[in-house]
Amino acid sequence: MQLAPKYDPSTLEEKWYKFWETNQMFASNPDERTPYTIVIPPPNVTGVLHMGHMLNNTIQDVLIRRKRMQGFNALWVPGTDHASIATETKVVTMLKEKGIKKTDLTREKFLEYAWEWKEKHGGIILQQLRKLGASCDWSRTRFTMDEALYESVIDVFIDLYNKGLIYRGVRMVNWDPVALTAVSDEEVIYEEQQSKLYYLKYKIVGEDNFVTIATTRPETILGDTAVCVNPNDERYKDIQGKKVLVPLINREIPVIVDEYVDMEFGTGCLKITPAHDINDYNIGLKHNLESIDILNDNGTLNEKAQLYIGKDRFVAREEIVVDLEKSGHVAKIEPYINKIGLSERSHAPIEPKLSLQWFLKMKEMAKPALDVVENDIVKFHPAKFKNTYRHWMENVKDWCISRQLWWGQQIPVYYLPDNSMIVAKSKEEAYQKALELNCNLKIEDLHQDEDVLDTWFSSWLWPISVFDGIRFPDNEDIKYYYPTNDLVSAPDILFFWIARMIMAGLEYRKDIPFHNVYITGVVRDKQGRKMSKSLGNSPDPLDLIEKYGADGVRVGMLLTSPAGNDLPFDEVLCEQGRNFANKIWNALRLIKGWNVDENKNQPEYSAKAFDFFDEKINASISQLDNQFKDYRISEALMTTYKLIWDDFCSWYLEIIKPPYGEGIDAKTYNQAVDFFEKLMQLLHPFMPFVTEEIWHNLKVRTDKESIMLSLMPETKETNDALLRKFDYAADVITAIRTLRLEKNIPLKEQISLFIKKNHNEQADITFDSIIAKLTNLDKIEYIDEKLEGALSFIVATTEFYVPAPSSIDIEAELEKLRAELEYTKGFLDSVNKKLNNERFVSGAPANVVELEQKKRDDANKKIAVIEEQIRSLM
RNA sequence: GGGAGUUUAGCUCAGUUGGUUCAGAGCACCUGCCUUACAAGCAGGGGGUCACUGGUUCGACCCCAGUAACUCCCACCA
């Protein structure tokens with residue numbers, strides 16, 4: 001069969017993925033082998049594949065494929081997250097397009113639509129992951145709202161409630177007036193905005209004077225319940241304890257004092273609106289101030305504001321400024337840049353709002369979760385994230401777990417008509433409990449809490465719940481696969497996901513959820529900007545796959561992404577990956593093009609090449625083991641890349657390549673095929689498709705065999721000396737090639753090489769036959785004296801001579817030799833300086849001194865050699 | 001404002017307890033080659049005051065102090 005000169009991934013990748021999937025090669029079930037487990041960070045069910053996913057999932061696939069080939073029972077559990085806000089927003093939008101308003105629907109009807117949407121459009125991303133080559137066990141795909149996972153969440157809520165860790169309370173939360181829900185601190189993004197600072201005058205009661213405050217939100221004065229100054233502020237000593245009037249509505253409020261006020265800022269006089277600012281709220285608590293909430297949930301003003309009722313907060317802001325100016329209450333308006341919190345989902349400005357929410361106490365759970373990381377029971381790669389983690393865990397605040405949404409796990413709390421509550425798994429159970437307290441109650445009298453739980457309240461159970469380990473703590477899967485081994489995640493969810501999974505694991509399994517956390521960098525564009533949908537600077541991963549093949553893109557993602565480092569993405573990296581696949585493909589073409597000559601004996605150079613490459617591959621395997629142990633995946637890829645491209649293609653294959661027109665001996669051919677096979681195995685975790693294709697081309701395979709199920713080659717004892725000998729031969733070869741290039745001696749023209757003996761022990765003859773083969777020598781001869789009138793060069797301290805077919809440029813030769821002489825003398829000087837230094841000789845360890853002495857001897861010898869050469873030329 | 005981290009070749013990064021002239025890799029670049037596996041290639045080559053300043057040491061990319069620039073996290077000053 002003729003192989004095309006260019007490797008074409010498109011059809012092959014599809015073919016092999018189908019082959020793996022239909023033969024269930026990704027599947028895993030508990031058995032006697034050691035498990036190796038990864039749970040995927042579940043992408044949002046609404047999600048589509050972006051570059052971050054590409055990076056993250058490529059790494060996971062590399063890890064899982066390698067372990068699978070190393071004989072572990074490898075399981076990669078896929079799945080999606082119900083993503084309550086994101087999905088609900090999407091469904092609401094979809095319904096709006098159909099002319100349906102969420103507010104017109106019952107909860108049940110809305111959820112029906114949502115599920116319908118999920119079944120139809122959700123999980124596209126899981127299909128896309130297949131294109132990447134992800135070897136997930138798809139039969140175990142989980143969704144955080146699957147019945148088992150849903151129930152697990154409810155069980156956990158009830159359990160934590162019973163343990164006293166969950167409570168309900170009124171707190172200041174981040175309110176999203178568009179999505180109409182509380183969001184967590186992590187879901188608020190701050191952006192700088194050009195706004196204005198308004199200086200407003202409040203009349204002092206009983207005086208003709210005013211006091212001026214500064215605010216960025218003039219509409220909130222309608223909720224003011226105090227004005228506050230710093231107790232040390234001389235300017236305001238006289239007004240302390242007096243009353244002032246809120247402009248327009250003329251409510252009387254006190255002037256209080258608190259150290260909190262910054263005397264430098266604005267006028268040094270702060271208005272206090274406890275209902276609409278977290279700091280004001282805290283001051284309000286401290287000073288027992290009334291809290292007037294002037295806003296409706298949707299951000300419009302309510303009747304407590306007295307003015308602008310029903311108008312949006314931003315409309316009200318504009319109107320109140322006009323009115324305040326009219327009434328003479330505006331002292332001045334300055335331009336001002338401030339940071340404003342926006343909802344990550346709806347992008348609406350967040351409103352600090354007092355509301356009744358559910359909270360989970362964090363302090364108790366954080367302590368052991370911090371300990372396991374501090375003690376490296378859970379290891380972070382890179383370790384620097386321990387610092388960030390510690391900082392957060394030590395300052396952890398209670399977690400607001402309720403959300404005013406419908407899509408999600410509804411809080412299992414039932415209220416009686418008298419507002420007392422019962423926590424129960426179902427309404428029926430709640431009713432039974434209620435009956436014990438109150439006999440004449442009907443089940444309809446109970447109503448369930450309207451809120452759902454924060455999405456992360458289900459995600460934090462993921463490593464347990466995918467195995468149904470909450471509901472059935474002793475089931476076979478959870479006992480076998482838990483704790484999982486590696487978690488691969490982005491740094492931005494270190495707290496709200498990774499930290500909480502550790503807490504949940506320790507709480508519900510009394511064991512960590514994973515041993516290692518590999519934290520990826522952020523994918524950025526060439527300008528260093530984070531890739532994002534809104535910037536439109538992210539290439540579509542599927543386009544890239546189409547262009548370069550999944551293997552090419554995988555290599556592109558991995559080449560420059562050491563753990564924790566940002567990845568400045570550049571398409572040329574994918575090109576490099578594609579070129580690599582093509583290179584391998586052509587190596588296959590070369591080997592497949594050879595005619596095996598059964599009668600031919602193995603040439604010596606091929607036997608020597610075997611020795612060299614066998615050792616080289618061995619050393620690389622050992623290196624790979626170390627790199628994987630340290631999660632240095634980029635480096636591991638580069639090690640494999642160089643082993644294949646440089647050592648295998650550029651050296652080994654070039655050495656054994658039979659002369660034109662000749663066949664290759666069977667022994668060498670088989671050795672080459674075996675080497676190639678091993679290389680493909682080593683590369684397979686990085687480039688699964690091309691390696692599978694080549695693996696099937698190299699030898700006859702059955703239709704159920706796959707490289708992904710083959711056993712990874714292992715390392716044996718290494719022999720560095722052999723590799724150094726080869727390096728020496730390679731240096732000689734390079735020197736001869738350079739000589740040919742400089743002197744214009746074509747490779748076709750055969751030359752002779754003379755080596756001067758006795759000068760040192762490094763002139764090793766192990767690879768002579770290879771030197772001769774690659775540089776087209778007719779002979780290599782060892783001589784005692786220098787060869788007059790020949791071209792020469794020095795490698796280490798040995799002189800080599802090549803009788804020149806043409807005349808040579810003596811001046812140029814001399815110049816080169818003199819430069820080398822000068823360099824060597826400089827080197828000798830630096831060595832002598834050390835050795836003549838009394839303190840070095842006495843202070844440095846003996847072996848270091850010896851080394852320096854050997855360097856001095858070698859340098860002296862080399863200088864003698866060069867000087868002799870110069871003399872002979874002159 | 002508090003904390004953490006980074007700074008080595010044009011770019012992206014290695015450099016493991018201070019010790020070979022140890023300053024490395026890949027890509028990019030330069031030169032010569034369409035040599036029957038591959039121009040998505042082959043051969044050869046150039047390139048860095050290791051951010052800056054000082055200190056410790058016989059010896060510093062490495063340890064210490066200070067300076068500068070950048071990045072991230074936390075807080076959210078009206």
Side-chain angles (χ1 to χ4, degrees), chain A residues 3 5-7 185 188 190 197 213-217 220 228 260-262 264-267 269-273 277-280 336 338-341 382 384-392 395 491-492 494-495 522 526 528 548 552 559-562 564-568 570 572-573 575-576 578-594 626 630 632 634-635 637-639 641-642 649-650 653-654 657 660-661 734 737-738 740-742 744 746-748 823-824 826-827 830-831 833-834 837-845 847-849 851-852 854-855 858-859:
Chain A
L3 300 173
K6 293 257 188 286
Y7 175 67
D185 290 345
V188 178
Y190 288 89
L197 189 60
I213 59 94
T215 179
T216 53
R217 302 192 56 190
T220 62
C228 189
Y260 169 79
V261 178
D262 177 359
E264 306 297 318
F265 189 89
T267 59
C269 190
L270 173 68
K271 74 185 202 62
I272 305 294
T273 322
D277 182 281
I278 180 69
N279 298 298
D280 291 11
Y336 183 68
N338 70 342
K339 275 189 184 170
I340 174 161
K384 66 177 179 186
F385 284 101
K386 269 169 89 171
N387 293 330
T388 324
Y389 182 81
R390 182 186 313 115
H391 189 250
W392 194 73
N395 297 289
D492 50 343
L494 183 62
F495 306 133
V522 176
K526 273 186 270 187
Y548 301 103
L559 272 175
T560 65
S561 56
N565 274 35
D566 283 0
L567 190 154
D570 190 336
V572 303
L573 295 168
E575 206 176 308
Q576 193 181 346
R578 180 201 60 180
N579 293 355
F580 185 40
N582 192 52
K583 179 73 186 176
I584 300 164
W585 178 251
N586 275 288
L588 176 72
R589 287 179 64 221
L590 175 67
I591 289 180
K592 296 303 272 187
W594 286 335
N626 285 325
D630 297 337
R632 302 166 79 124
S634 291
E635 276 180 47
L637 172 58
M638 190 44 71
T639 297
Y641 179 93
K642 287 197 282 191
C649 293
S650 297
L653 290 179
E654 289 300 329
K657 189 194 273 184
Y660 183 61
T734 299
R737 280 172 174 166
T738 310
R740 279 182 176 278
L741 201 70
E742 285 176 355
N744 244 321
L747 188 61
K748 276 178 241 148
Y823 174 86
T824 313
F827 172 53
S830 78
V831 174
K833 215 164 113 192
K834 271 190 206 172
N837 184 335
E838 193 64 37
R839 295 206 282 176
F840 170 73
V841 178
S842 56
N847 61 325
V848 173
V849 177
L851 213 61
E852 291 301 314
K854 184 174 183 309
K855 273 156 61 180
D858 284 352

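What's counted below: heavy atoms across the whole structure, side chains too, no hydrogens, waters or symmetry copies. To find a chain, count down the sequence lines: A is the first, B the second, and so on, and within it residues start at 1.
- A/Asp566 comes within 4.0 angstrom of the backbone, heavy atoms only, and of no base.
- In this structure, the nucleotide among B/rA78, B/rC27, B/rA37 sitting nearest to the side chain of A/Tyr641 is B/rC27.
- Counting all heavy atoms, side chain and backbone alike, A/Asp262 lies closest to A/Glu264 at OD1-N, 2.9 Å.
- A donor-acceptor pair under 3.5 Å is formed between the side chain of A/Asp570 and the backbone N or O of A/Val572.
- Among the protein residues, A/Ser634 comes within range of no part of the nucleic acid, since none of its heavy atoms lies under 4.0 Å from any strand.
- Not one side-chain nitrogen or oxygen of A/Lys642 sits closer than 4.0 Å to the OP1 or OP2 atom of B/rG26.
- At least one donor-acceptor pair closer than 3.5 Å links the side chain of A/Asn395 to the backbone N or O of A/His391.
- In terms of phosphate contacts, A/Tyr389 brings no side-chain nitrogen or oxygen within less than 4.0 Å of OP1 or OP2 of B/rA4.
- OP1 or OP2 of B/rA25 has not a single side-chain nitrogen or oxygen of A/Arg632 nearer than 4.0 Å.
- The line from CG of A/Leu653 to CH2 of A/Trp594 is 5.0 Å long, rounded to the nearest 0.5 Å.
- Separating the C1' atom of B/rG59 from that of B/rG47 is a span of 27 Å, rounded to the nearest Å.
- Checking B/rC42, B/rC13, B/rA37 against every side-chain atom of A/Leu653, the shortest atom distance belongs to B/rA37.
- Note that the CZ atom of A/Arg737 and the OG1 atom of A/Thr734 stand 6.0 Å from one another [nearest 0.5 Å].
- A search for side chain to side chain donor-acceptor pair (under 3.5 Å) contacts involving A/Glu654 returns A/Lys657, not counting sequence neighbours.
- Among the heavy atoms of the strands lying under 4.0 Å from A/Arg578 is at least one base atom, whether or not backbone atoms are also near.
- Between B/rC70 and B/rC63, the distance separating the two C1' atoms is 24 Å to the nearest Å.
- When each of A/Ile213, A/Thr215, A/Val261 is checked for a side chain to side chain contact (heavy atoms under 4.5 Å, CB included) with A/Leu270, only A/Val261 meets the rule.
- Between A/Phe580 atom CZ and B/rC27 atom P the separation is 11 Å, expressed in whole Å.
- We find that CG of A/Leu747 is positioned 12 Å from P of B/rG44, with the value rounded to whole Å.
- Among the atoms of the strands shown, none is found under 4.0 Å from any heavy atom of A/Lys592.
- Side-chain to base pairing of A/Glu654 with B/rA37: one donor and one acceptor N or O lie within less than 3.5 Å of each other.
- Atom CD of A/Glu635 and atom P of B/rU16 are 11 Å apart (whole Å).
- Ring orientation note: the planes of A/Tyr641 and A/Phe580 are tilted relative to one another, at an angle of 30° to 60°.
- Nucleotides B/rU57 and B/rA14 are separated by 32 Å at their P atoms, to the nearest Å.
- In this structure, A/Thr734 reaches the sugar-phosphate backbone alone: every heavy-atom distance under 4.0 Å involves primed, P, OP1 or OP2 atoms, never a base.
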Under 3.5 Å for both distances, Watson-Crick or G-U wobble, that's the pair rule; now give the dot-bracket for RNA chain B, with | marking pairs to another strand and [ ] for crossing ones. (((((((..((((.....[....)))).(((((.......))))).....(((((..]....))))))))))))....

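- Remark: C1' of B/rA78 and CG of A/Asn338 are 9 Å apart, rounded to the nearest angstrom.
- Here, B/rA9 and B/rA51 have their P atoms 8 Å apart, quoted to the whole Å.
- Nearest approach of A/Tyr7 to A/Ala581, heavy atoms of both residues: CD2-CB, 3.8 Å.
- Atom P of nucleotide B/rC38 and atom NZ of A/Lys583 are separated by 10 Å, given to the nearest angstrom.
- Minimum atom distance to the side chain of A/Gln576 is reached by B/rC27, of the listed B/rC27, B/rG3, B/rU12.
- Here, B/rC52 and B/rA60 have their P atoms 15 Å apart, quoted to the whole Å.
- To the nearest 0.5 Å, the span separating OH on A/Tyr548 from CG on A/Asn579 amounts to 9.5 Å.
- Side-chain proximity of A/Lys339 to B/rC76, B/rC38, B/rC74: nearest is B/rC76.
- Nucleotides B/rA69 and B/rU49 have their P atoms positioned 23 Å apart, rounded to a whole Å.
- Whole-Å rounding puts the A/Asp492 CG to B/rU71 P distance at 18 Å.
- Listed nucleotides: B/rG44, B/rA37, B/rG41. Nearest to the side chain of A/Leu590: B/rA37.
- The same atom, P, is picked in B/rC72 and in B/rG66; the two are 25 Å apart, to the nearest Å.
- Both A/Thr560 and A/Met638 lie near RNA chain B, and the one whose nearest nucleotide falls closer to the 5' end is A/Thr560.
- Within the 4.0 angstrom heavy-atom criterion, no nucleotide atom of any strand lies near A/Val572.
- Listed nucleotides: B/rC38, B/rC27, B/rG45. Nearest to the side chain of A/Asn582: B/rC38.
- Between B/rA78 and A/Tyr336, a contact under 4.0 Å exists linking OP1 or OP2 to a side-chain N or O.
- Among the protein residues, A/Pro5 comes within range of no part of the nucleic acid, since none of its heavy atoms lies under 4.0 Å from any strand.
- Proximity of A/Thr388 to the phosphate of B/rG5: no side-chain N or O atom is located under 4.0 Å from OP1 or OP2.
- In the set B/rC42, B/rC38, B/rG3, B/rC38 carries the atom at the smallest distance from any side-chain atom of A/Lys6.
- Taking only side-chain atoms of A/Thr738, from C-beta outward, the nucleotide of B/rC74, B/rG45, B/rA37 with the closest atom is B/rG45.
- Taking the P atom of each, B/rG10 and B/rG46 are spaced 16 Å apart, rounded to whole Å.
- For the pair A/Leu741 CG and B/rG45 P, the interatomic distance rounds to 9 Å; values are reported in whole Å.
- Taken from CG in A/Leu590 to CG in A/Asn586, the straight-line distance is 9.0 Å, to the nearest 0.5 Å.
- To the nearest angstrom, C1' of B/rA25 lies 12 Å from CG of A/Leu559.
- In this structure, A/Asn387 does not reach the B/rC73 phosphate: none of its side-chain N or O atoms is under 4.0 Å from OP1 or OP2.
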